[in-house]
Number of protein chains: 2
Amino acid sequence: MPLVNRLKKLKDDKYQLTPQRQAVFQALNDIILEHPTAEDIYARAKKYYSQIGLATVYRTLELLLELQILNPILVPKGSTRYEAAHSRHAHFVCLGCGRIIDVDKHLNQYANAVEQEAGFAVTSTSVQLFGYCADCNHQQ
Amino acid sequence: MPLVNRLKKLKDDKYQLTPQRQAVFQALNDIILEHPTAEDIYARAKKYYSQIGLATVYRTLELLLELQILNPILVPKGSTRYEAAHSRHAHFVCLGCGRIIDVDKHLNQYANAVEQEAGFAVTSTSVQLFGYCADCNHQQ
DNA sequence: ATATGTGCAAATGGTTTGCAGGGCA
DNA sequence: TGCCCTGCAAACCATTTGCACATAT
């Protein structure tokens, strides 16, 4: 479901669709693909509702995380970044050429195995495999 | 290579083997399997060198990260946890109770599938599965 | 003598929270 | 009325840094 359409879900639920939350949604719709920080989203949201406060942005992001509409991307230094939630998504990152390739295909099998074996419910993933792609592997 | 033996590597390189760093190593040797925070390591290291400061623990951990002896485990809330660096390793992070559980068992199958299918060579991983453990799942 | 390492306390910076006010049900 | 939502500023807390002193090479 596209990000913007989730507004309806928000409205259908017990949550109010305030102008501030609309502004955050519009900001996300603009820049979510850039893996924005809360500050990035705040700056963009101001274009739609200039009086919005940073705390409101954080509170809205927290709400969207709870609703599984967004995922956090945790990085060693600096602030958390956000992306549209894919429940099960994985990247292969080539250490040779830097390409990032989606390798979702067999992730479900792995996640299912973990769920069945230990009784966990896997709701989202942060999976990066590092190594060398076919091209770079031959060159080594 | 076991964690403790890496002391030698540290000594062979340009780094000094101070009593403070020894204390951090001994602490890590004791509790690294528990995914400790810097505070956990600090508390344990005090048993070996009571005057050690928290800043020194952080500086030593940073050094060990650079040397690829440790890996950070980034979590949505709370402080960074540390583990011994492994090439293929995965965590399940419970969003209910915060527990971090190793789920390496089927990761190799997944990594191997990616390797065979696309001709990649997977050398290391950063894999976090988020969700709810059996206990927290029942409570929901 | 020079570089490296340390403890302490203060600073930093991302995030959260208390509070008083505002708006919708 | 009651509850949810907001902005602001202050608080919070993990981590980093400045500094003066210590230690190793």
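Residue numbering restarts at 1 for every chain, and letters A, B, ... go by the order of the sequence lines.
Residue-level contact check: Tyr42(A) touches neither bases nor backbone, having no heavy atom under 4.0 Å from any strand.
Rounded to an integer number of Å, the gap from OH of Tyr49(A) to C1' of dG23(C) is 11 Å. Rounded to whole angstrom, the span from the CD atom of Glu66(B) across to the P atom of dT4(C) amounts to 13 Å. For the pair Gln20(B) CD and dT4(C) P, the interatomic distance rounds to 17 Å; values are reported in whole Å. One can place CZ of Arg21(B) at 10 Å from C1' of dT6(C), the figure rounded to the nearest angstrom.
In this structure, Val24(A) and Arg59(A) have side chains that are not in contact, with every pair of non-hydrogen atoms separated by 4.5 Å or more. Taking 4.5 Å as the limit, some side-chain heavy atom of Leu129(B) sits within range of a side-chain heavy atom of Tyr110(A). Side-chain atoms of Leu70(A) and Leu28(A), non-hydrogen and from C-beta on, do get closer than 4.5 Å to each other. Looking at heavy atoms from C-beta onward, His35(B) lies in side-chain contact with Ile73(B) at the 4.5 angstrom threshold. Side-chain contact between Val127(B) and Val103(B): absent, with no pair of heavy atoms (C-beta onward) separated by less than 4.5 Å.
Mapping Val57(A) and Thr18(B) onto DNA chain D by nearest heavy atom places Val57(A) at the nucleotide closer to the 5' end.
No salt bridge links Lys47(A) with Asp30(A); every basic N to acidic carboxylate O contact stays at or beyond 4.0 Å.
Nearest heavy atom pair, residue Asp102(B) against residue His91(B), reads OD1-CD2, 3.4 Å. Ser124(A) and Asn71(A) get closest at one heavy-atom pair: CB-OD1, 3.9 Å.
With a heavy-atom cut-off of 4.0 Å to chain B, the contacted part of DNA chain D has its first and last nucleotide at dA14(D) to dA24(D).
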Restricting both atoms to N or O, compile the protein contacts to nucleotides 14-18 of chain C shorter than 3.5 Å, with distance only.
residue: dT15(C); atom: OP1; partner: Thr80(A); partner atom: N; Å: 3.2
residue: dT15(C); atom: OP1; partner: Thr80(A); partner atom: OG1; Å: 3.0
residue: dT15(C); atom: OP2; partner: Tyr58(A); partner atom: OH; Å: 2.3
residue: dT15(C); atom: O5'; partner: Tyr58(A); partner atom: OH; Å: 3.3
residue: dT16(C); atom: OP1; partner: Lys77(B); partner atom: NZ; Å: 3.4

